[in-house]
Number of protein chains: 2
Amino acid sequence: MKKEIPYKIYLEEQEMPKQWYNVRADMKKKPARILNPETLKPITLEELSGIFCEELARQELDDTTAYFDIPDEIRNFYRMYRPSPLTRAYCLEEKLGTPAHIYYKFEGNNTSGSHKLNSAIAQAYYAKKQGLKGVTTETGAGQWGTALSMACAYLDLDCQVYMVKCSYEQKPFRREVMRTYGARVTPSPSMDTEVGRKINAEFPGTSGSLGCAISEAVEAAVSQEGYRYVLGSVLTQVLLHQSIIGLETKTALDKYGIKADTIIGCAGGGSNLGGLISPFVGQMLKGEADYEIIAVEPASCPSLTRGVYAYDFCDTGKVCPLAKMYTLGSSFIPSASHSGGLRYHGMSSVVSELYDQGLVTARSVEQTEVFKAAQMFAKVEGILPAPESSHAIKVAIDEALKCKETGESRNIVFGLTGTGYFDMVAYQKFNDGQMSDYIPTDEELAKSFAKLPKVEL
Amino acid sequence: MKKEIPYKIYLEEQEMPKQWYNVRADMKKKPARILNPETLKPITLEELSGIFCEELARQELDDTTAYFDIPDEIRNFYRMYRPSPLTRAYCLEEKLGTPAHIYYKFEGNNTSGSHKLNSAIAQAYYAKKQGLKGVTTETGAGQWGTALSMACAYLDLDCQVYMVKCSYEQKPFRREVMRTYGARVTPSPSMDTEVGRKINAEFPGTSGSLGCAISEAVEAAVSQEGYRYVLGSVLTQVLLHQSIIGLETKTALDKYGIKADTIIGCAGGGSNLGGLISPFVGQMLKGEADYEIIAVEPASCPSLTRGVYAYDFCDTGKVCPLAKMYTLGSSFIPSASHSGGLRYHGMSSVVSELYDQGLVTARSVEQTEVFKAAQMFAKVEGILPAPESSHAIKVAIDEALKCKETGESRNIVFGLTGTGYFDMVAYQKFNDGQMSDYIPTDEELAKSFAKLPKVEL
């Protein structure tokens, strides 16, 4: 007898994955190696360990080990908010009148409000285990900084966050959450670092950028004894930790005999999408199953749909390693959209390679349409979604409406990465009918592409 | 073999209660009847139905029916966020080094951020079923207004919220959540109602009060065809709906053979506490079990610990029915604490009567201590709690530390009513060391008591 599918599929605690899955191990053609920004040669473990914790550097470079054990301490932390629910969107289906079945994996049920916590606790744990005093990082919209603050508070590790100055001023509440968790939050560019002082002198009154904040955080890490730098997206180590999203999703679907047809995720740096799709892509790579996978990106920052596949700097400050990725160019400055988490010029090298191999497709959407979808979803499913997550909602609704036309009953699964409780300025703009859309011109992109570094391996 | 207790005890969907429990039915000495504010006589069903929906008026007055069926439509809505988890606070226990076992029932896993949604959907449902066009209400801090907006959006019912002007201006994000859910939010006092215009004329530039907002909402309800007024706390109908908190808690504890020793809840109007304790008090009334029950209130607004047990108006505008309750007097104006949800002069008549009968004890705590407890909890349990909920945390920690001294292993259960994501101004004050405590003097209270209405039945 077929089990009735509940609104929320909760796994038992003992069903929570005991290992992360490294999809690179099953890829025949691997993502390209990251490069040392000074030598432009593949970076060594030793070089990388100067910036990152040793174990994280090891994870970053390992493209052959398929499974990594999740340490018990991290699993204990995960238990505070995991397994996260896979929800059947019964109410949304009814509202749309679609024969499709819609499921979403909700990662917003924790105070950081997003999936970022999955990697934050892992990175903080390895830093603690290495005997470090603390970690430094940057944050734009603030999800990553909040997640890292929570993880560090739990492990009693010092946490220094360089927050892009305009966010620091416009999102005081995000800042206060971090402070409540004991983090030191500094508006960037600051006068605490050499690079910060230099930028402040060059551009008096600047409101900062993610690139600048990264540079400050890296400088702070390497100039303090017992500190390392950590990062919340793009890196393959982050995708590895985020694979827990996909592993849980797959276990929950399997439990009820549901075969996903379409899997959808929003894509900024690629950490959530990469994590969600990893085990499914693994099946595709082994010829065990087939899925339609859709990466959804903002039309204002379309790295997959309009970028080029090339080596580029991961940061505008050019202090981080270079990665081969679909990129708009590290000098590209995305418009001030309300999806801060998707305002990144490039895409994780793993997702980029999967896209290049045709295993992942991509679509771009405009933000006003995204907020319409978000509002509809909030009303019928009772969760006010983050603007980033709402990109996936928009395409899930589009796909469900296609099913309505064709009469096909597909299983659509999407990642609901987080909540929008700290994004009310964006919702206010939307409620007041004052939201605008911006799509970069081909000329703008061409200018940025021209500045890509010349790399010859 | 004893089952190992997981971090989170999730009930299956089919274990969610099918009926609400009306504790009044099992009380030998019932709570006193509410009175018509004009005649000062017990209010009739007919009189009450002019303000409230008929079914809600019926529930309000019924003190003999022990169980009310939860309609399927409401149960379907509940499924979006219920059953809510009962969490074993393993990390907090470890941090405190206590032999006590601490459990909390978490009601913040929904966008309204609190337990208020449990009653909002019930009240909106009965309004819809009666064929009404919409409902009106007031909101102070905003939790109740948000919950009602969500419920109305789901049922396609018009929702008009009068929001205390100072909150409207200081909490623009709460306001925007309501607007995103389609509610019309009006700062109170407004120029839309007679009472609003009168107050504006009398006190130009006033920033409003809950009492005034209630009066405006009631006027708006009775002056529009097809509208009724709804209220988020204090009323016995609200406690009835909130009994789902206690019923789920009891089922979860029973499932693992856990016998609660101490049950703790914060108490403003009493809706959360009353709902949490109902089934446990029911057992006490039938002599089946014994529990220590602690109501925690702010020292700035101590209705149980320093109030008198008397008939009083439920609102400062004196348009709502009178209830016999522990009260500081409806003319008492609590200091501007950061726990808006606990700034109410009186206590639900059910909780008041249980307190008077000695089944419930009470304790008052100061807000700086409450925020210290909140911060500690956030760091180890990963949830940033609402200031209101943190009153219960504070006393749960106190009790757990007592166990540490005595070596006794008690089972402490408390209600974690909601999250503090919209309370960051309060946390900022705390982070900056600028939080103050205020305790009313005996003289202040005596002045307010002197103004209590003279009621002779």
Side-chain angles (χ1 to χ4, degrees), chain A residues 4 6-8 10 12-14 76-83 85 87 90-91 108-113 117 121 146 149-151 153-154 156 172-177 179-182 371 374-375 378-385 419-432, chain B residues 4 6-8 10 12-14 76-83 85 87 90-91 108-113 117 121 146 149-151 153-154 156 172-177 179-182 371 374-375 378-385 419-432:
Chain A
E4 203 193 322
Y7 276 54
K8 287 188 193 300
Y10 277 111
E12 302 282 327
E13 226 160 80
Q14 59 269 29
N76 282 345
F77 186 89
Y78 279 165
R79 282 196 183 94
M80 296 202 305
Y81 67 100
R82 306 204 72 84
T87 303
Y90 280 114
C91 301
N109 261 355
N110 72 75
T111 283
S112 83
L117 197 53
I121 184 62
T146 311
S149 305
M150 288 178 68
Y154 184 80
D156 205 11
F173 294 168
R174 272 274 178 212
R175 181 187 76 205
E176 289 307 321
V177 178
R179 287 184 68 208
T180 303
Y181 278 97
F371 272 82
Q375 187 181 37
K379 284 186 179 178
V380 294
E381 289 291 325
I383 297 171
L384 189 81
T419 50
Y421 307 147
F422 291 93
D423 297 288
M424 294 320 298
V425 169
Y427 275 98
Q428 180 170 5
K429 277 249 159 75
F430 175 72
N431 292 334
D432 291 340
Chain B
E4 204 193 321
Y7 277 55
K8 287 186 194 301
Y10 277 110
E12 302 283 325
E13 226 161 79
Q14 59 269 26
N76 282 346
F77 186 89
Y78 279 165
R79 281 196 185 92
M80 296 200 308
Y81 67 100
R82 308 203 71 85
T87 303
Y90 280 114
C91 301
N109 261 355
N110 72 76
T111 283
S112 83
L117 197 53
I121 185 61
T146 311
S149 305
M150 289 179 67
Y154 184 80
D156 205 12
F173 294 167
R174 272 274 179 212
R175 180 187 80 206
E176 289 307 322
V177 179
R179 288 185 67 209
T180 303
Y181 279 96
F371 273 80
Q375 186 180 38
K379 284 187 179 180
V380 295
E381 289 291 322
I383 297 171
L384 189 81
T419 50
Y421 306 148
F422 292 94
D423 297 288
M424 294 319 298
V425 169
Y427 275 99
Q428 181 169 4
K429 276 250 161 76
F430 174 72
N431 292 335
D432 291 340

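Naming convention: chains lettered A, B, ... in sequence-line order (proteins, then strands); numbering from 1 in each chain. For the numbers below, each heavy atom of this structure counts, side chains included, while hydrogens, waters and symmetry mates do not.
Here CG of N431(B) is found 9.5 Å from CZ of F371(B). Values are rounded to the nearest 0.5 Å. Atoms CD and CD, on E4(A) and Q14(B) in that order, are 8.5 Å from each other to the nearest 0.5 Å. Put simply, CD on E13(B) and CZ on R79(B) are 5.0 Å apart, with the number rounded to the nearest 0.5 Å.
When each of G382(B), C91(B), G113(B) is checked for heavy-atom pairs under 4.5 Å with chain A, G382(B) comes out on top. When each of Y90(A), Y81(A), Y154(A) is checked for heavy-atom pairs under 4.5 Å with chain B, Y154(A) comes out on top. The choice from N76(A), V425(A), D156(A) that makes the most heavy-atom pairs within less than 4.5 Å of chain B is N76(A). By number of non-hydrogen pairs under 4.5 angstrom with chain A, the leading residue of A151(B), A378(B), G420(B), S149(B) is A378(B). Annotation: maximal heavy-atom pairing with chain A below 4.5 Å, among F173(B), Y427(B), F422(B), occurs at F173(B).
Scanning all heavy atoms of the two residues, the minimum distance from R174(A) to T146(A) falls at NH1-OG1, 3.1 Å. Annotation for L384(A) and Y181(B): closest pair N-OH, 3.7 Å, computed over non-hydrogen atoms.
Applying the salt bridge (charged side-chain N to carboxylate O under 4.0 Å, His left out) rule to R179(A) yields the partners E176(A), D432(B); only residues at least two apart in sequence or on another chain are considered. Here P85(B) pairs with K8(B), Y10(B), T87(B), F106(B), N109(B) under the side-chain contact (heavy atoms from CB on, under 4.5 Å) rule; sequence neighbours left out.
T180(B) touches chain A through backbone and side chain together, each having a heavy atom under 4.5 Å away. Heavy-atom distances place no part of F430(A) under 4.5 Å from chain B, backbone and side chain included. Only the side chain of R175(B) has a heavy atom closer than 4.5 Å to any heavy atom of chain A. Only the backbone of N110(A) comes within less than 4.5 Å of a heavy atom in chain B; its side chain stays farther off. With a 4.5 Å cut-off on non-hydrogen atoms, V380(A) touches chain B through its backbone but not through its side chain.
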